[in-house]
Structure formats: structure tokens, C-alpha cells
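As C-alpha cells, the structure follows; a few thoughts come after it.
Here the structure is a predicted model, which is why all the values come from computation and not from measurement.
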Amino acid sequence: AQRHARGRLLRPFAEADHVVAADCLVAAEQFVALPLAGEDALGGAALDAGALVELAPALERPRFDLDAVVARARSDALRARGKYAEAEKAMETALQFYEQDRPMFDERVRNNPTAFSEDSYARLKEVAKFSLARIQQKAGRLQAAERTQREALQLTLERLGRYHIETGRAVMSLASVIAEQGRSAE
């Protein structure tokens, strides 16, 4: 096992000899399936393309701590395999890393606003919250999913306002969780 510069442990979640690259995505062979006639890849799992990675200039540390990205990728892989409890923990870990990395993000925005903006940090956090809510909903933890969806909706409202299309999508996601609880009148 290798230790990250801050002492965090980055664990592999696939054996190195069973890895295949597909359009900048590296996944274990057992996680990748070509859809055959009438089938969906990964059992219909959605690829969450919210990860944002920027290469560091020579002799500088990375502009973004990749621990959150690794945790999100691990969560996505676990969710695709139906391991919702583990996927939820991994996504919560990603959210914790985003919170810890906030000062670094703020510094990067001040030093180079074209690389990152306040909006990109907020968007990363929103996407992670929505992903967490989807995992909780799939796991049948509907009250937790509703609470998480409401938090994500609040972030979207703060970032984009009431009349943006993404806000509408966030409201629809919340409505689906509420309806699944049998409260469709709300």
C-alpha cells in the first residue's frame, strides 16, 4: 500500500493485472461489460462523469487532492456492483475530502481563477450529494435519501437559482424519493 502525501491511504479496488483502459477511464475487467442485444452495460448503472482532474505544472503539487476523486470512483464501482452500503461509505468519504480540501480550492481560485472557480467546487459537492442520495435510494434508505436530496437541492438553489434547468432536475429527483415513500401528494 502506498501513502498519499497527507498520509491518507489510497487502496486499490482492482487487481493491476485485470485493468483495461477505455477512453480515459480505468476500470477492472470484471466491472466492464459490453451491452449485448437487449442488455445494459453494468446492469444499467450510470457513469457519473463529475470528476474533475487538472494536471499540476512542473515542480508543483497537484491543484486538487485526488483522494476525493478516488473515493468517488470507488463508490461508483461499488454501486455498479450493487454494494450500496460500501458505496455510501465511499461517497461520504469523498464528501469529507471535499470539505477538507476547501481551503486548497479557495487558494487555487485566488491564484488562478481560470483553472477553478467557486462554481466548480460547489458543483463537485452537489454532484457528490446527488450521487449519495441515489445510492441511499437504491439501498432502500429513503428517509436518508430524502434528507440528502434536500441538501443537494439547497446547494443547487444557492448556486443557480430557482429557475435553472438543473434546479428543476434536482426537484424531480427529490420528488421521486418522496413518491417512493408513498407521499406522492406532496
Supply the atom-to-atom distance D67 CG to R72 CZ, rounded to the nearest 0.5 angstrom. 14.0 Å
Verify the cluster assignment for I178 and V171: are they in a single hydrophobic cluster under the rule of side-chain heavy atoms below 4.5 Å apart? yes
Can you list, by chain and residue number, the hydrophobic cluster partners of L155 when the side-chain cut-off is 4.5 Å? none
State the CD-CG distance between E180 and L142, to the nearest 0.5 angstrom. 4.5 Å
Side-chain heavy-atom pair K129, Y98 within 4.5 angstrom cut-off: no
Can you tell me how far NZ of K138 sits from CZ of R79, rounded to the nearest 0.5 angstrom? 8.5 Å
Pair D106 + R110, salt bridge at N-O below 4.0 Å: no
Of all the heavy-atom pairs spanning T167 and R162, show the shortest one and how long it is. CG2-O, 3.8 Å
Heavy-atom pair of closest approach, residues A90 and R74: CB-NH1, 4.3 Å
In the structure I gave you, are the side-chain heavy atoms of Q136 and E146 within less than 4.5 Å of one another anywhere? no
Distance-only, no hydrogens or angles: does the T93 side chain make a donor-acceptor pair with backbone N or O of K89 under 3.5 Å? yes
Taking T148 for its side chain and A145 for its backbone only, find out whether a donor-acceptor pair lies under 3.5 Å. no
Looking at E151 and R147, is there a salt bridge between them, counting it only when a charged N and a carboxylate O are closer than 4.0 Å? no
We want to know whether E166 and T156 form a side-chain donor-acceptor pair, criterion being a heavy-atom distance below 3.5 angstrom. no
Shared hydrophobic cluster for L124 and Y121 (ILVMFWY, side-chain gaps under 4.5 Å): yes
So if you build clusters from Ile, Leu, Val, Met, Phe, Trp, Tyr with side-chain heavy-atom gaps below 4.5 Å, do L174 and L157 land together? yes
Do R134 and S131 pair up side chain to side chain, a donor and an acceptor below 3.5 Å, judged on atom types alone? yes
Kindly say whether Q137 contributes a backbone atom to a donor-acceptor pair with the side chain of Y84 at under 3.5 angstrom? no
Minimal non-hydrogen separation, A87 against S75, with atom names: O-OG, 2.8 Å
Is the closest side-chain donor-acceptor distance between Q154 and E158 under 3.5 Å? yes
Should R141 and E88 count as an ion pair when the cut-off is N to O under 4.0 Å? yes
